[in-house]
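One structure is given below, encoded as structure tokens.
Chain A is the first sequence line, chain B the second, and so forth, proteins listed ahead of strands; every chain is numbered from 1. Nothing here was measured: the structure is a model prediction, and the numbers come from that model.
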Amino acid sequence: RKEVEQDPGPFNVPEGATVAFNCTYSNSASQSFFWYRQDCRKEPKLLMSVYSSGNEDGRFTAQLNRASQYISLLIRDSKLSDSATYLCVVPPPSQGGSEKLVFGKGTKLTVNP
Amino acid sequence: EPEVTQTPSHQVTQMGQEVILRCVPISNHLYFYWYRQILGQKVEFLVSFYNNEISEKSEIFDDQFSVERPDGSNFTLKIRSTKLEDSAMYFCASSPPPTGYTFGSGTRLTVV
């Protein structure tokens with residue numbers, strides 16, 4: 001299994017739709033989980049951290065299932081500005097403070113008017 | 001909001017030439033990183049740097065690559081003899097321990 005694997009996409013949805021992205025990870029000892037957003041030719045930007053109880057930030061909901069090593073991101077009421085590539089990020093267990101990030105390949109979302 | 005600054009935004013170089021990519025991390029951050037992203041591919045870790053030395057590096061970070069923090073503000077990535085396959089976006093990042101990454105806007109390196 002790849003370290004971090006995501007839905008290949010692309011996803012094309014109309015404005016207002018609900019869309020969900022899935023991600024699986026291989027290292028069962030991982031403790032941190034993130035969703036990043038990347039616009040074309042721009043740097044990755046943190047969208048949200050994923051907590052074990054699941055967490056919500058406005059229209060965005062992240063879920064973690066440790067037993068299945070699975071993370072999801074749900075976007076409700078999608079906006080044109082949500083069009084981007086969504087990156088699942090699962091750092092390996094931290095050793096000594098620095099934390100390298102391991103990125104999935106990303107899922108491209110296009111929200112259409 | 002504090003930023004990580006990278007220069008130049010775009011660099012074109014001939015194969016075999018040396019390039020230096022520059023970064024100014026956030027001033028109170030302690031960990032510094034370089035990542036690269038080849039067009040259409042995933043973001044890949046290259047190296048992390050802490051307390052004036054490399055703390056971890058990937059298989060990609062071979063002898064052609066080096067990093068340096070020559071003064072209190074700059075953090076550089078040097079590629080000694082560029083190859084065509086080094087063409088990519090290079091992102092610098094910094095973090096206070098242990099999390100809280102901030103990425104720079106990247107340098108697009110084109111090797112011709």
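- Looking at B/Phe103, both its backbone and its side chain come within 4.5 Å of chain A, counting heavy atoms on both sides.
- Crowding of B/Asp63 atom CG: a count of heavy atoms from other residues, nucleotides or ligands under 6.0 Å not exceeding 12.
- Chain B forms the most heavy-atom pairs under 4.5 Å with one residue out of A/Pro91, A/Gly104, A/Gly106, A/Pro44, and that residue is A/Pro44.
- The environment of A/Glu15 atom CD is dense: over 12 non-hydrogen atoms of other residues, nucleotides or ligands sit within 6.0 angstrom.
- The distance from atom OH of B/Tyr31 to atom CD of A/Glu99, rounded to the nearest 0.5 Å, is 10.5 Å.
- No continuous path of ILVMFWY side-chain contacts below 4.5 Å connects A/Val4 to B/Ile60, so the two sit in separate hydrophobic clusters.
- Under the 4.5 Å side-chain criterion, counting only non-hydrogen atoms from C-beta, A/Arg41 is in contact with B/Leu39.
- Atom CD of B/Gln14 sits in a sparse spot, with 12 or fewer heavy atoms from other residues, nucleotides or ligands closer than 6.0 Å.
- Two residues are said to be in side-chain contact when any heavy atoms from C-beta on lie closer than 4.5 Å; A/Lys100 and B/Ser48 fail this criterion.
- Surrounding CD of A/Glu3 are at most 12 heavy atoms belonging to other residues, nucleotides or ligands under 6.0 Å away.
- Interatomic distance, CZ of B/Phe91 versus NZ of A/Lys42, reported as 10.0 Å (0.5 Å rounding).
- Interatomic distance, NZ of A/Lys45 versus OG of B/Ser105, reported as 9.0 Å (0.5 Å rounding).
- In this structure, the portion of B/Gln37 lying under 4.5 Å from any heavy atom of chain A is its side chain and not its backbone.
- Judged by distance alone, the side chain of B/Tyr35 and the main-chain N or O of A/Leu101 form a donor-acceptor pair under 3.5 Å.
- Atom OH of A/Tyr51 has 12 or fewer heavy atoms from other residues, nucleotides or ligands within 6.0 Å.
- At most 12 non-hydrogen atoms from other residues, nucleotides or ligands lie less than 6.0 angstrom from NZ of A/Lys2.
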